[in-house]
Amino acid sequence: VQLVDVGLVMKAIEPIWASKPETASRVRGRIERILDWARVRNYRAGDNPARWRGHLDHLLPVRGKVRRVRHHASLPYAELPAFLVALREREAGAARALEFAILTAARTNEVLGAKWSEMDLDARLWTVPAERMKGGKQLRVPLGDRAVEIITAATIQSQNYVFHGDHRAALSDMSLLMLLRRMGRQDVTTHEFRSTFRTWAAERTSFPRE
């Protein structure tokens, strides 16, 4: 670790600084923390070659000036009922997975990785274990009538995943994205239905979105 210098740090992050500024910035920060730890533990001495202020900021453009961050598009909540009508006309398992994601406001990977062991239909509850959650905390999701109907109608409950592909493996993100493309909806992404829910909760209800 004592051999890591500015040249090596730049070799790691400069190639992606312009194309993936968010990733590059996180990588730089992690290198900096690791090298700080190494210095405190006496594995290395001297300045931290991954430090930004007064150091790498002279070699790399400010992240915000590299390119504007493009946010995913979200569907206005007023258009959601008509979208769901069109979605329910489709028979594919991906369509049911997307509808379930919309109804539960869950992240896409949480829905695609949903297992039968997490479902309690008697209690109308879906419990996502901490190891599958982005924040590392267990999530308990109440299931409404239509969400329960989707789960009940899902095929082969002996399989591990609730929503699965042809080989009984979990569906992929691409399956939902391609579904939206087939529906002619290049203007929305699966993840941003959560934004639709947040906006609806803020503007049309008196409850906090949580």
Side-chain angles (χ1 to χ4, degrees), residues 71-210:
H71 295 286
H72 293 139
S74 60
L75 187 73
Y77 60 78
E79 298 178 20
L80 188 57
F83 175 84
L84 284 175
V85 169
L87 184 62
R88 287 172 184 171
E89 292 177 352
R90 295 183 173 263
E91 300 293 335
R96 299 291 74 75
L98 178 56
E99 184 179 355
F100 188 80
I102 293 170
L103 292 171
T104 57
R107 290 184 176 89
T108 305
N109 64 317
E110 294 161 7
V111 172
L112 297 182
K115 298 179 179 180
W116 288 109
S117 57
E118 300 169 1
M119 301 294 174
D120 185 344
L121 295 184
D122 291 334
R124 303 167 68 88
L125 191 68
W126 170 32
T127 303
V128 188
E131 58 267 23
R132 289 215 304 112
M133 289 297 298
K134 183 177 180 180
K137 294 183 179 180
Q138 182 190 81
L139 175 69
R140 291 159 58 87
V141 184
L143 301 176
D145 291 343
R146 175 59 182 166
V148 171
E149 185 179 330
I150 291 172
I151 295 297
T152 304
T155 58
I156 314 180
Q157 295 198 18
S158 61
Q159 295 299 326
N160 199 20
Y161 294 103
V162 176
F163 304 105
H164 54 75
D166 293 338
H167 301 290
R168 306 306 179 198
L171 289 170
S172 69
D173 283 342
M174 283 302 297
S175 64
L176 301 191
L177 183 61
M178 293 309 295
L179 169 66
L180 287 170
R181 297 299 172 265
R182 289 193 297 273
M183 295 178 69
R185 300 307 304 250
Q186 285 83 358
D187 57 327
V188 294
T189 63
T190 54
H191 177 77
E192 287 306 306
F193 282 103
R194 286 164 52 83
S195 296
T196 300
F197 175 83
R198 285 195 296 268
T199 304
W200 171 80
E203 296 183 3
R204 299 300 297 270
T205 82
S206 59
F207 300 100
R209 68 186 190 210
E210 290 80 9

Under the side-chain contact (heavy atoms from CB on, under 4.5 Å) test, residues paired with T205 that sit two or more places apart: W200, A201, F207
Not counting sequence neighbours, which residues clear side-chain hydrogen bond (donor to acceptor under 3.5 Å, both in side chains) with R132? List them please. E118
Side-chain donor/acceptor pairs under 3.5 Å, residues 100-108, sequence neighbours excluded:
unit_1, atom_1, unit_2, atom_2, d
T104, OG1, F100, O, 2.7
R107, NH1, E110, OE2, 3.2
T108, OG1, T190, OG1, 3.4

E149: partners by side-chain hydrogen bond (donor to acceptor under 3.5 Å, both in side chains), with sequence neighbours left out: R146
For R124, side-chain hydrogen bond (donor to acceptor under 3.5 Å, both in side chains) partners two or more places apart: D145
Run the side-chain contact (heavy atoms from CB on, under 4.5 Å) test against R182 and tell me which residues pass, sequence neighbours left out. R90, M178, L179
R194 CZ to E192 CD distance, which is reported to the nearest 0.5 Å: 9.0 Å
Roughly how far, to the nearest 0.5 Å, is the CD1 atom of I150 from the CZ atom of F163? 6.0 Å
Any residue meeting side-chain hydrogen bond (donor to acceptor under 3.5 Å, both in side chains) with S175, in chain and number order, not counting sequence neighbours: none
Sorted by chain and number, sequence neighbours left out, side-chain contact (heavy atoms from CB on, under 4.5 Å) with E203 holds for Y77, T199
Partners of A123 by side-chain contact (heavy atoms from CB on, under 4.5 Å), sequence neighbours excluded? D120, L125
Quick note, side chain to side chain donor-acceptor pair (under 3.5 Å) partners involving residues 78-89, not counting sequence neighbours, are R88-E99
